[in-house]
*Asks:* 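Encoded as structure tokens, here's the structure I'll be asking about.
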There are 2 protein chains.
Amino acid sequence: MTTDVHWPAQLFDDIDRTGPVPLYFQVSSRLEQAIRSGAIPPGARLENEIAIGERLGLSRPTIRRAIQELVDRGLLVRRRGIGTQVVQGQVTRQVELTSLFEDLQSTQHAPGTTVLEHEVIPAPANVASHLGIAEGDEVLHIRRLRTADGTPVAILQNFFPAKTTDLSRDELEERGLYQILRSRGVAIRIANQRIGARRAHDDEGSLLEIDRDGPVLLMERTAFDNAGQAIEFGLHIYRPDRYSFETTLVAK
Amino acid sequence: MTTDVHWPAQLFDDIDRTGPVPLYFQVSSRLEQAIRSGAIPPGARLENEIAIGERLGLSRPTIRRAIQELVDRGLLVRRRGIGTQVVQGQVTRQVELTSLFEDLQSTQHAPGTTVLEHEVIPAPANVASHLGIAEGDEVLHIRRLRTADGTPVAILQNFFPAKTTDLSRDELEERGLYQILRSRGVAIRIANQRIGARRAHDDEGSLLEIDRDGPVLLMERTAFDNAGQAIEFGLHIYRPDRYSFETTLVAK
DNA sequence: GAGTGGTCTAGACCACCGG
DNA sequence: CGGTGGTCTAGACCACTCC
């Protein structure tokens, strides 16, 4: 059985038509908040798109776009001839193009960073191919130990092309990598990543405080900016009892 | 330096306005094919949206939607005031809501399946909570060994609620799980999944032909249909030297 | 048949970028 | 300044689902 819901009337009072924030974004944000807070409960059916548009004084395409945002993120489900409903399942967290540092912050764990290595070296072959540069070109290599509430969680190894070799040890100890890049105006648009598993090597076991050859979770990621230029190649090792990757997938 | 490209003129000859296939989909499919084949090379700049629309006899919103599809999948990058370009990086494979069976098929490996267990049991607590049913409710439990070109790749354990307990051993040996469900009209819309790592347990090492307590890649997935009803809970173990998860992430 | 979302059109104005 | 994508409108017709 589906349930129609009367929304809190003031939910959409403060739509601002003059500011720079798109109308569809204002609508989808408020709708998301209402769903996550439970004001619109799981299973509830929304009004049809045209009716919503009339109530808010917005056109149907604008409403559709707002709804589509939430459909893409798995909060709403649309069915032709039926209507739009809030998803029944549990609340879905999103792990998108965020960094581990931000993941930990948002889950109320205090992140800490120790820089283990910080050096400019000639690019090894595999790094060069990921970054789209020539083998032997100068790259900045850093290796950090990331902790959460004092316990080691991951060993983060990253390589940067010549353009970005000026990252200081100090800022790397204090903030997440993607936060630093963002504040420099470097925007990451696309990333290819691979997640796998293997045994711990060398000093990895002792750094993560696990068995010397215990299992670790492995992620490789190459990040590109707007123009398709490689920004960074990362090779990260996670302690599997302290971290895993969660995602919500939505079929098209 | 960006390069303007003259597209193969016949690329969009066979647009069908009468059939059931949406115009934006016809455009984005052909565009994707042209990009993946290299006919439109990395870094090439597309014409502006209005010009494309005029050449194809389609409106700007339709063209925009076609382009947006490819932007969302990481094949194109749009910049305001600049234009739309093919991404510079390497070709991006997509691992979305497909099954392992289809992944293997599409990468030219011959998938094989052995059904190890196939039984109706009362739902254990953790399975019940994932499926949103009561502990002890009947569920179908299956356990399969998946091979590629004869080598073991994964142990696939799945649980289904009462509605779907009629999957036969035979069909499970021949086809992928999601293929079977789809042909029954069961569409998976949303899935929550978690990827982690641990040691192999019990018979897992011998089944996968690896060290008895070697590292394995672990995936848990709960899948929901249109109406938000749980369809399936899966707990999969992968041999890490034979499989890893590859994804392309696109920032919004 | 009535109601829903899915698609498509033909405009419009704006913000941002480059020369 | 001209060109680009980003947003928004007000319609239209269709396919699908339910009664």
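Labels below follow one simple rule: chain letters A, B, ... track the order of the sequence lines, proteins then strands, and each chain is numbered from 1.
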*Asks:* For the pair made of CZ in B:R80 and C1' in C:dG18, what is the distance, rounded to whole Å?
*Replies:* 15 Å
*Asks:* A:L58 has an atom CG; how far is it from atom P of D:dA10, in whole Å?
*Replies:* 10 Å
*Asks:* Would you kindly give the CD1-to-P distance between B:I63 and D:dG5, to the nearest whole Å?
*Replies:* 11 Å
*Asks:* Output yes when A:E220 and A:R194 qualify as a salt bridge under the 4.0 Å nitrogen-oxygen rule, no when they do not.
*Replies:* yes
*Asks:* Answer with base, sugar-phosphate or nothing: what part of the nucleic acid does B:I50 contact at a heavy-atom distance below 4.0 Å?
*Replies:* nothing
*Asks:* Between the base of D:dG6 and the side chain of B:R60, is there any donor-acceptor pair under 3.5 Å?
*Replies:* yes
*Asks:* Salt bridge or not between A:E171 and A:R184? Use side-chain N to carboxylate O under 4.0 Å.
*Replies:* yes
*Asks:* Nearest heavy atom decides the nucleotide; on that basis, is A:P61 or A:G81 closer to the 5' end of DNA chain D?
*Replies:* A:P61
*Asks:* Quick one: which of C:dC8, D:dT7, C:dT9 gets closest to the side chain of B:Y24?
*Replies:* C:dC8
*Asks:* Atom CZ of B:R78 to atom C1' of C:dC16: distance rounded to whole Å?
*Replies:* 15 Å
*Asks:* Quick one: B:R45 CZ to D:dT4 P, roughly how many Å, whole number?
*Replies:* 7 Å
*Asks:* If you measure from the Lys or Arg side-chain nitrogens to the Asp or Glu carboxylate oxygens, is any gap between B:E32 and B:R73 under 4.0 Å?
*Replies:* yes
*Asks:* Taking OP1 and OP2 of C:dG5, is either one under 4.0 Å from a side-chain nitrogen or oxygen of A:T84?
*Replies:* yes
*Asks:* Write down the atom of B:I195, the atom of A:I195, and the distance for their closest heavy-atom approach.
*Replies:* CG2-CG2, 3.8 Å
*Asks:* Quick one: is A:T62 getting a side-chain N or O under 4.0 Å of the D:dT7 phosphate, OP1 or OP2?
*Replies:* no
*Asks:* From CD1 of A:I82 over to C1' of D:dA15, roughly how many Å is that when rounded to an integer?
*Replies:* 13 Å
*Asks:* Taking CZ from B:R65 and P from C:dG5, how many angstroms apart are they, rounded to a whole number?
*Replies:* 15 Å
*Asks:* Identify which nucleotide among C:dG5, C:dT9, D:dC8 has an atom closest to any side-chain atom of A:R17, counting heavy atoms from C-beta outward.
*Replies:* D:dC8
*Asks:* Starting at atom CD1 of A:I52, determine the distance to atom P of D:dA10, rounded to an integer number of angstrom.
*Replies:* 17 Å
*Asks:* Start with the C-alpha gap between B:R79 and A:D225, add the side-chain angles, then the distance that decides, and say whether salt bridge (charged side-chain N to carboxylate O under 4.0 Å, His left out) holds.
*Replies:* CA-CA 11 Å; B:R79 283 181 290 175; A:D225 67 8; over 6 Å; no
*Asks:* Quick one: which of C:dT9, C:dG5, D:dG5 gets closest to the side chain of A:E49?
*Replies:* C:dG5
*Asks:* Can you tell me which nucleotide in D:dT4, D:dT7, C:dT9 comes closest to the side chain of B:R64?
*Replies:* D:dT7
*Asks:* Check whether any side-chain nitrogen or oxygen of B:N48 sits under 4.0 Å from OP1 or OP2 of D:dG3, and answer yes or no.
*Replies:* no
*Asks:* Need the bend value for the helix from C:dG1-D:dC18 to C:dG18-D:dC1: angle between end axes, 5 pairs each end, nearest 10°.
*Replies:* 10°
*Asks:* In this structure, which one of B:R65, B:R78, B:R55 forms a salt bridge (Lys or Arg N to Asp or Glu O under 4.0 Å) with B:E49?
*Replies:* B:R78
*Asks:* Assess whether a salt bridge exists between B:R144 and B:E173, defined as any Lys/Arg side-chain N lying under 4.0 Å from an Asp/Glu carboxylate O.
*Replies:* no
*Asks:* Looking at B:S37 and B:Q33, would you say the former's side chain and the latter's main chain have a donor-acceptor pair under 3.5 Å?
*Replies:* yes
